[in-house]
Amino acid sequence: MSSSSGCNRGRAVLPVTASLVPFLLLLVVVSCQAALVVSATHTHGHGGGKHAGAARAAFRAGDEQEAYARIMARMARMDKDSNMTIQSPDGDVIHCVPAHLQPAFDHPRLRGQEPEDEPVERPMSKGGAAEEEAGVFPQAWSDGGSKRCPAGTVPIRRTAARDVLRASSARRFGMKARGGGSSSSNARRDSTSSGHEVSPELYGDSSPRFFTYWTTDAYQETGCYNLHCSGFVQTNSRIAIGAAISPTSVYNGRQFDISLLIWKDPHRGNWWLQLGSGPLVGYWPSLLFTHLGAHADMVQFGGEVVNSRPAGAHTPTQMGSGHFPREGSNRAAYFRNLQVVDADNSLVAAAALRLVADRPGCYDIQGGYNTAWGNYFYYGGPGRNVHCP
């Protein structure tokens with residue numbers, strides 16, 4: 001899957017589905033969110049009396065307290081193992097951790113290993129829209145690309161005690177609800193069923209963030225966001241998964257987008273995450289998956305909102321820029337240059353696209369094609385309004 005996405009604020013939604021293509025069905029979304037709760041302070045501590053007492057109050061069951069203690073112990077180990085710590089201007093703290101000590105290698109089948117070498121062969125375009133060149137990835141902590149972790153290390157966003165305390169369960173911190181479900185009747189997992197969300201608890205602020213998620217059992221017991229569990233192996237020293245994206249687009253002003261590609265190495269079988277035709281971020285080891293061992297049958301482009309219907313009404317969370325797709329260029333969020341990787345490891349234009357909007361009065365979608373953008377779509381909306389009660 002290859003595409004460029006641009007957004008102003010809000011959570012991205014509305015899948016565009018290409019069926020029966022050999023590709024990966026994993027959630028890798030540029031999240032652009034206008035959250036109602038903003039964290040105004042940053043605490044570097046991982047425990048202490050105050051946080052321990054709060055944890056006992058929040059997580060009363062013994063197994064919940066044990067899970068909280070394990071998370072804090074993992075963070076303490078990361079503090080100890082990191083070669084450098086970078087304070088981001090947005091309040092995040094980034095640890096530069098030796099690549100072989102990242103969380104992926106806590107997995108029983110990966111323990112003691114190191115990141116694999118990057119594949120020599122990468123997907124090439126067969127025509128259609130041109131491949132996207134990736135410049136400096138816009139994240140707040142890297143200060144325009146001037147800051148990076150040393151060679152041989154990977155940047156990992158620190159999880160603070162307050163992050164875990166926002167969660168309803170320490171045991172499932174960093175995971176979606178089982179089945180991806182919630183109280184919302186409009187949540188979705190794919191284009192034909194319900195139950196897929198993005199967690200509003202994970203970061204506690206309104207910053208748009210670059211995040212990943214994987215699962216092998218439809219969000220039951222496996223998988224997590226970012227690097228919160230053993231799974232994704234990071235290889236890039238300049239990209240912090242879960243960190244804030246900055247700068248962002250301005251309504252009717254300058255626009256920024258990010259080019260992403262996910263593809264399966266035909267030799268080793270791993271699923272790689274790449275920035276356009278530029279650097280690789282890392283990979284999901286093939287051993288994590290069963291049905292994705294050979295290929296995937298469907299890919300989706302788009303985004304999502306959490307609609308818990310506060311006070312019995314639709315959420316006012318904005319999607320994209322908060323404006324409907326009919327406003328078009330420089331005003332609505334978009335995806336462009338939608339491509340898939342075929343059986344020959346070649347990039348081809350996504351075919352048989354189907355546009356889906358759960359609640360077009362809340363958030364809508366409009367697609368098209370031109371020679372500059374290839375297959376594209378605008379999406380988004382304001383959430384609760386007179387047409388979306």
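Ring-centre distance between Tyr363 and His314: below the 6.0 Å cut-off. Aromatic pair Phe377/Phe301: ring centres not closer than 6.0 Å.
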Ile241 and Tyr225: side-chain contact (heavy atoms from CB on, under 4.5 Å), yes or no, with the steps? CA-CA 9 Å; Ile241 298 175; Tyr225 287 99; over 6 Å; no

Residue pair Phe211, Tyr203: steps toward the ring-ring contact (aromatic ring centres under 6.0 Å, His included) verdict: CA-CA 11 Å; Phe211 72 88; Tyr203 308 108; 7.2 Å; no

Under the side-chain contact (heavy atoms from CB on, under 4.5 Å) criterion, do Thr290 and Thr216 qualify, and how do the steps go? CA-CA 7 Å; Thr290 53; Thr216 63; 5.7 Å; no

Evaluate the side-chain contact (heavy atoms from CB on, under 4.5 Å) criterion for residues Glu116 and Val233: first the C-alpha distance (whole Å), next the side-chain angles of each, then the deciding distance (0.1 Å), finally the verdict. CA-CA 9 Å; Glu116 294 188 7; Val233 178; over 6 Å; no

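Residues in residues 74-94 take part in no ring-ring contact (aromatic ring centres under 6.0 Å, His included) pair, two or more places apart or across chains. Under the disulfide bond (SG atoms under 2.5 Å apart) criterion, the residue pairs touching residues 64-112 are Cys96-Cys149, with sequence neighbours excluded.
Between Tyr283 and Trp272, the two ring planes are tilted [angle within 30° to 60°]. Aromatic ring pairs are classed by plane angle as parallel below 30°, tilted from 30° to 60° and perpendicular above 60°; the pair Phe173 and His228 is perpendicular.
Here the CD atom belonging to Gln102 is positioned 9.5 Å from the CE atom belonging to Met78, to the nearest 0.5 angstrom. Atom CG of Leu347 and atom OG of Ser277 lie 9.5 Å apart (nearest 0.5 Å). Phe335 contributes atom CZ, which lies 13.5 Å from atom CG of Asn375 (distance to the nearest 0.5 angstrom). In this structure, Leu110 CG and Leu287 CG are separated by 5.0 Å, a value rounded to the nearest 0.5 Å. Arg336 CZ to Ser259 OG: the interatomic distance, rounded to the nearest 0.5 Å, is 7.5 Å. Note that CD1 of Ile239 and CD of Gln234 are 8.0 Å apart. Values are rounded to the nearest 0.5 Å.
Ion pairing of Arg158 with Asp163 is absent here, as no side-chain N (NZ or NE/NH1/NH2) approaches a carboxylate O to less than 4.0 Å. Ion pairing of Asp364 with Arg326 is absent here, as no side-chain N (NZ or NE/NH1/NH2) approaches a carboxylate O to less than 4.0 Å.
Under a 4.5 Å side-chain heavy-atom criterion applied to ILVMFWY residues, the cluster that includes Phe324 comprises that residue alone.
More than 12 non-hydrogen atoms from other residues, nucleotides or ligands lie less than 6.0 angstrom from CZ of Arg74. For Arg109, the CZ atom is loosely surrounded, since the number of other residues' heavy atoms within 6.0 Å does not exceed 12.
When only modelled atom types and interatomic distance are considered, Gln139 and Trp141 share a side-chain donor-acceptor pair under 3.5 Å. A side-chain N or O of Thr222 and one of Asp217 form a donor-acceptor pair less than 3.5 Å apart. A side-chain donor from one of Asp257 and Tyr334 sits under 3.5 Å from a side-chain acceptor of the other. Judged purely by distance below 3.5 Å, without hydrogens or angles, the side chains of Asn345 and Glu121 never pair a donor atom with an acceptor atom.
Taking each heavy atom of Asp79 and Ser82 in turn, the nearest pair found is O-OG, 3.1 Å. Nearest heavy atom pair, residue Asn226 against residue Phe232, reads O-CB, 4.4 Å. Annotation for Lys264 and Gly269: closest pair NZ-O, 2.6 Å, computed over non-hydrogen atoms. Leu260 and Phe210 get closest at one heavy-atom pair: CD2-CE1, 3.9 Å. Nearest heavy atom pair, residue Glu118 against residue Arg122, reads OE1-NH2, 3.4 Å. Residue Ala244 comes nearest to Asp92 through the heavy atom pair N-OD2, 4.2 Å, listed as atom of the first residue, atom of the second, then distance.
Neither Ile86 nor Leu227 shares a network with the other; the hydrophobic side chains, linked directly or stepwise wherever heavy atoms of I, L, V, M, F, W or Y lie under 4.5 Å apart, form separate groups for each.
A side-chain donor-acceptor contact under 3.5 Å links Glu64 to the backbone of Ala170. At least one donor-acceptor pair closer than 3.5 Å links the side chain of Arg166 to the backbone N or O of Leu202.
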